[in-house]
Novice: 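What follows is a single structure, and I will ask about it in a moment.
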There are 2 protein chains.
Amino acid sequence: MLQKRIDDQPTISREMVREAQEILHRHLKRVGLKQTAQRDTILKTFLETRDHLSTDELHRLVQKKDAGIGYTTVYRTLKLLAECGLASEVAFHDGIARYEHQYNRRSHHHMVCTECGSSVEFFSQEVGELEQEIGRKYHYLTTRHTFQIYGICEECRKKSSRPV
Amino acid sequence: MLQKRIDDQPTISREMVREAQEILHRHLKRVGLKQTAQRDTILKTFLETRDHLSTDELHRLVQKKDAGIGYTTVYRTLKLLAECGLASEVAFHDGIARYEHQYNRRSHHHMVCTECGSSVEFFSQEVGELEQEIGRKYHYLTTRHTFQIYGICEECRKKSSRPV
DNA sequence: GCGAAGTTGAATTTCATTTTCAAGATGCAC
DNA sequence: GTGCATCTTGAAAATGAAATTCAACTTCGC
């Protein structure tokens with residue numbers, strides 16, 4: 001039988017946070033920047049979610065841990081995390097930049113509901129293969145891709161069929 | 001032998017412009033709006049390109065035909081065109097909204113060079129099939145998708161291998 | 001042609017993002 | 001541990017694309 005989990009921490013273990021911090025610290029050193037408590041707090045908070053967070057949303061979460069950390073620092077730290085591969089920007093089409101963690105995650109894609117803004121993630125091996133194939137064909141050195149499907153989720157379809 | 005083309009008009013025939021205008025006019029009538037010379041000029045100018053135009057770029061082109069047409073009108077007309085399916089928004093990741101025509105075009109995708117911003121279009125049947133498949137799986141009514149590949153084009157790779 | 005309703009475009013507002021700057025940390029050299 | 005150059009921080013300001021406002025103008029159904 002599996003060992004019972006005794007903590008309620010969401011989605012990520014202490015071990016993983018430590019590893020991610022090491023990645024960040026190595027990156028900071030490499031580009032001549034310094035490690036700070038703020039950056040660590042922001043990284044930790046970021047890792048503890050699985051949502052697609054805007055800077056503003058992450059800032060709100062971070063403030064629960066340390067009310068002194070400003071929006072600007074969260075903004076800048078997200079850029080840093082993106083630089084060292086721990087986060088990546090993901091654009092739904094609503095005019096707000098969002099980030100998600102990339103640490104230990106397979107490449108995945110999103111399906112977004114254009115009514116309520118909710119999203120589900122899905123995996124598709126084929127899409128990665130397509131990236132390679134198309135890149136070869138047009139002589140691009142490909143680095144990444146985005147694939148989003150837009151539609152209306154079951155929930156919202158139910159709502160609109162029995163209007164208030 | 002093919003008949004020699006005697007005009008220099010790019011990419012689209014008078015016939016197609018007329019058809020597109022009819023689509024727009026029908027849409028305007030349906031939602032209770034009016035047709036104007038400005039809207040027709042903007043549509044025509046838009047159709048005469050095959051690029052991915054920002055509002056600003058299209059505004060510049062429109063001004064060559066009628067210097068009195070303002071940015072705001074171009075902006076609003078692009079939204080109208082998107083509403084009636086003649087244009088669709090396409091977001092490269094540079095913070096600027098772009099539109100491309102959708103009239104008589106198969107669903108297609110983009111590969112964008114992150115160095116110089118140039119892009120190529122490609123077609124892939126499989127991606128459309130994936131949209132259907134994933135939609136069924138998660139009970140979404142899918143409407144559209146975006147698929148972009150980012151990388152570095154051959155041109156830019158050459159440049160960076162022999163730096164100035 | 002009349003008049004209600006929509007349109008136009010300059011100017012303004014909005015709002016997420018990005019930059020600035022002065023005060024405060026950090027970390028390497030000693 | 002101390003000094004000091006350099007980086008960081010966060011409030012505030014700047015930026016810039018997108019969206020809205022408004023008074024003058026146009027369209028279109030009658």
Side-chain angles (χ1 to χ4, degrees), chain A residues 21-22 24-43 45 52-84 87-99 117, chain B residues 21-22 24-43 45 52-84 87-99 117:
Chain A
Q21 274 178 349
E22 263 174 40
L24 174 60
H25 294 171
R26 258 198 301 278
H27 175 73
L28 291 173
K29 190 151 236 172
R30 189 155 48 78
V31 298
L33 303 180
K34 292 165 182 174
Q35 52 174 285
T36 65
Q38 286 94 325
R39 286 174 177 162
D40 283 350
T41 302
I42 292 164
L43 172 58
T45 310
H52 308 106
L53 290 174
S54 65
T55 307
D56 195 57
E57 286 162 348
L58 182 57
H59 178 225
R60 247 190 285 278
L61 291 178
V62 165
Q63 290 229 312
K64 288 185 190 166
K65 298 196 174 175
D66 181 345
I69 295 180
Y71 178 92
T72 315
T73 303
V74 174
Y75 164 78
R76 283 187 282 224
T77 302
L78 274 172
K79 297 236 140 181
L80 275 176
L81 297 184
E83 268 174 41
C84 63
S88 68
E89 206 174 312
V90 48
F92 298 166
H93 274 164
D94 60 357
I96 296 172
R98 290 162 202 287
Y99 291 83
Chain B
Q21 274 178 351
E22 264 174 39
L24 174 60
H25 294 171
R26 258 199 301 279
H27 175 71
L28 290 174
K29 190 151 236 173
R30 189 155 48 77
V31 298
L33 303 181
K34 291 164 183 175
Q35 51 174 287
T36 65
Q38 286 93 328
R39 284 175 178 163
D40 284 351
T41 302
I42 293 165
L43 172 57
T45 310
H52 309 105
L53 291 174
S54 65
T55 308
D56 194 56
E57 285 162 348
L58 182 56
H59 179 227
R60 247 190 286 277
L61 291 177
V62 165
Q63 290 230 312
K64 288 185 190 166
K65 299 198 173 173
D66 182 345
I69 296 179
Y71 178 92
T72 315
T73 304
V74 174
Y75 165 78
R76 283 186 282 224
T77 303
L78 274 173
K79 296 235 140 182
L80 275 175
L81 297 184
E83 268 174 42
C84 63
S88 69
E89 205 176 313
V90 48
F92 299 167
H93 273 162
D94 60 357
I96 296 172
R98 289 160 202 287
Y99 291 83

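Numbered from 1 within each chain, the chains take letters A, B, ... in sequence-line order.
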Novice: Should A:Q38 be listed as having a side-chain N or O under 4.0 Å from OP1 or OP2 of D:dG10?
Specialist: yes
Novice: Take atom CD of B:Q35 and atom C1' of D:dT26, then tell me their distance rounded to the nearest Å.
Specialist: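 Checked: the CD to C1' distance equals 12 Å.
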Novice: Rounded to whole angstroms, how far apart are CG on B:L33 and C1' on D:dG29?
Specialist: 15 Å
Novice: To the nearest Å, how far apart are B:D40 CG and C:dT8 P?
Specialist: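 Roughly 10 Å, once rounded to whole Å.
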Novice: Verify the distance criterion only: is there a donor paired with an acceptor across the side chains of B:Q63 and B:H59 at less than 3.5 Å?
Specialist: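 B:H59 and B:Q63 do have a side-chain donor-acceptor pair below 3.5 Å.
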Novice: In whole Å, I'd like the distance from the NE2 atom of B:H59 to the C1' atom of D:dG16.
Specialist: 16 Å
Novice: Please assess A:Y71 against A:D56 for the test side chain to side chain contact (heavy atoms under 4.5 Å, CB included), listing each intermediate value before the final yes or no.
Specialist: CA-CA 7 Å; A:Y71 178 92; A:D56 195 57; 4.1 Å; yes
Novice: Quick one: A:L80 CG to C:dT18 P, roughly how many Å, whole number?
Specialist: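 From A:L80 CG to C:dT18 P: 13 Å.
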Novice: Report yes if a side-chain nitrogen or oxygen of A:T73 is closer than 4.0 Å to either non-bridging phosphate oxygen (OP1 or OP2) of D:dG10; otherwise report no.
Specialist: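 A:T73 to D:dG10 OP1/OP2: side-chain N or O found under 4.0 Å.
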Novice: Check this for me: does the side-chain of B:K34 come within 3.5 Å of the base of C:dA5 through a donor and an acceptor?
Specialist: yes
Novice: Taking CZ from A:R76 and C1' from C:dA25, how many angstroms apart are they, rounded to a whole number?
Specialist: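 In whole Å, C:dA25 C1' and A:R76 CZ are 14 Å from each other.
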Novice: How is B:T72 classified with respect to the nucleic acid when contacts are heavy atoms under 4.0 Å: base, sugar-phosphate, or nothing?
Specialist: base
Novice: Looking only at side-chain N and O atoms, does B:Y71 come under 4.0 Å of OP1 or OP2 in D:dA18?
Specialist: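 For D:dA18, OP1 or OP2 has a side-chain N or O of B:Y71 closer than 4.0 Å.
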Novice: Working to the nearest 0.5 Å, report the span between OG1 of B:T41 and CG of B:L61.
Specialist: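 B:T41 atom OG1 to B:L61 atom CG measures 13.0 Å (nearest 0.5 Å).
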Novice: Using only side-chain N and O atoms of A:R39, determine if any of them is under 4.0 Å from OP1 or OP2 of D:dT8.
Specialist: yes
Novice: Within a radius of less than 6.0 Å around NZ of B:K29, do more than 12 heavy atoms belonging to other residues, nucleotides or ligands occur?
Specialist: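 Incorrect, the count does not exceed 12.
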Novice: Within this structure, what is the NZ-to-P distance between B:K29 and C:dA5, rounded to whole angstrom?
Specialist: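 Those two atoms, NZ and P, are 17 Å apart.
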Novice: So if I apply the side chain to side chain contact (heavy atoms under 4.5 Å, CB included) rule between A:I42 and each of A:L80, A:D66, A:T73, which one comes out positive?
Specialist: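 Of the listed options, the one satisfying the test is A:T73.
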Novice: Just how far, in rounded Å, is P of C:dT19 from NZ of A:K79?
Specialist: 8 Å
Novice: Please compare B:T55 and B:A37 by the position of their nearest nucleotide in DNA chain D and report the one closer to 5'.
Specialist: B:T55
